[in-house]
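Below, chain A is the first sequence line, B the second, and so on; all start at residue 1. Heavy atoms only: backbone and side chains are in, while hydrogens, waters and symmetry mates are out.
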Amino acid sequence: MNKTVYIITGPTAVGKSEVALKLASKLDGEIINCDSIQLYKYLDIGSAKPSEEEMKIVPHHLFDMVDPDFNMTVATYQKLAFACINNILERGKTPILVGGTGLYINSVLYNMDFAAKPDTYERREELEKMAEERGAEYMHAYLTAIDEDCASRIHPNNTRKIIRAIEAFEAGEGIKPLDNCELNENYDFKFYALTMDREWLYAKINNRVLKLVKAGLVDEVKSLLDMGYTSDTQALKGIGYKEIIEYLEGKTDQKTAVLNIMKNTRHFAKRQLTWLRRYDNLNWIEIQNGQTSDEIAEYIYEDSIKGEN
RNA sequence: GCCCAGAUAGCUCAGUAGGUAGAGCAGGGGACUGAAAAUCCCCGUGUCCUUGGUUCAAUUCCGAGUCUGGGCA
């Protein structure tokens, strides 16, 4: 059986979805979402989800999977993604994983083991309370006492990660370094990342934020709040949502909220690029000014089949 | 036209009792095994507006000029 799996990634707003759609048409492929926010229902505009029309062109999977208050994890994503990939391959089609959530991509590309039992949120709350009362240094010292090796890899200020490490230690094995993972050899990956000149990318980001606002982002957030979701809801901590909530709560004006979305999106794109630089098996595609998504898809198609008969 | 206050990093500003300067933001780089659109770390040379003067030494003090605010006419 053919085991080819395409992965199309890159920073937010670079144009992944469009290219993937074109590529899917050429390959008789099906698109699998690899974006942590697009997994959620009702978060359509702010997450820049493909439109209903686009989803009709080729099959789209793992969009609108869970309610906004669902506690999504990489482990859950990994399970969903493997099931989806296998199903597509069994039907003789080509899976195309599309998205910018680096850790999620990693969970498919590499053998990440999530077999250990998940921690409980009660314990997490306890640890968070402990961190608040005793401070970051104490938490790091505590982790050092129980799992020195792991503690040495986490910055003392990164309380969130320290708490996770304590949870993981208590659940069994503790957390292992990412770079220990072996490539997942169940599939033949064609791994591509789109990128472009930083200035253009940032201009594109700013532009897209404006478009999202015009498309009704504020109303989307309002309706989510009307449904009973709050700023504590995990999905609503995503970029574009948290800033609009601040505005709706009167903490900022709309203009500031929009500028904050732009800024946070730029920061995010930068972090995505940093993450992706870790992969030496990644094919970077530097998009040139004026290049169309068709051309890029064509390039990926040609590049990926060359050397094969 | 007159009076007052500014002019220092991409932006907003601090500072130097005269010995060529530093914060926040923006920007750049990095880390990452169950929240990842999360969380965390590191990175600051710039005609200190121009030009005279005083001085061993001026971004700093004094004078003049230019520009920008505010006030008075």
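Consecutive pairing runs in RNA chain B reach the stem threshold at B:1-7 with B:66-72, B:10-13 with B:22-25, B:27-31 with B:39-43, B:49-53 with B:61-65, where a stem means at least three Watson-Crick or G-U wobble pairs with distances under 3.5 Å.
Every residue meeting the ring-ring contact (aromatic ring centres under 6.0 Å, His included) condition with A:Y104, not counting sequence neighbours, appears here in chain and number order: A:Y77. The ring-ring contact (aromatic ring centres under 6.0 Å, His included) check on A:F189 picks up A:Y187, with sequence neighbours excluded. A:K41 is linked by a salt bridge (Lys or Arg N to Asp or Glu O under 4.0 Å) to A:D67, counting only residues two or more places apart in sequence or in another chain. Residues forming a side-chain hydrogen bond (donor to acceptor under 3.5 Å, both in side chains) with A:K270 (at least two apart in sequence, or on another chain): none. With sequence neighbours left out, A:E295 forms a salt bridge (Lys or Arg N to Asp or Glu O under 4.0 Å) with no residue at all.
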_How would you summarise protein contacts on nucleotides 29-34 of chain B per nucleotide, using B for base, S for sugar-phosphate only and - for none, with heavy-atom distances below 4.0 Å?_
BBBBBB
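Within residues 218-245 of chain A, the residues having any heavy atom closer than 4.0 Å to RNA chain B are, in order of number, A:Q234, A:G238, A:I239, A:K242.
The nearest whole Å value for the distance from the CD atom in A:E125 to the C1' atom in B:rA35 is 13 Å.
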Below 3.5 Å, can you tabulate the donor-acceptor pairs from side chains in residues 138-145 of chain A to any protein atom, sequence neighbours excluded?
{"residue": "A:H140", "atom": "NE2", "partner": "A:A151", "partner atom": "O", "Å": "2.9"}
{"residue": "A:H140", "atom": "NE2", "partner": "A:I154", "partner atom": "O", "Å": "3.0"}
{"residue": "A:T144", "atom": "OG1", "partner": "A:H140", "partner atom": "O", "Å": "2.8"}

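Residues in residues 222-236 of chain A take part in these side-chain hydrogen bond (donor to acceptor under 3.5 Å, both in side chains) pairs, two or more places apart or across chains: A:Y40-A:Q234. For residues 150-180 of chain A, the set of pairs meeting the ring pair (Phe, Tyr, Trp, His ring centres under 6.0 Å) definition, not counting sequence neighbours, is empty.
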Listed pairs, N/O of protein and of nucleotides 41-43 of chain B, under 3.5 Å:
{"residue": "B:rC41", "atom": "OP1", "partner": "A:N157", "partner atom": "ND2", "Å": "2.7"}

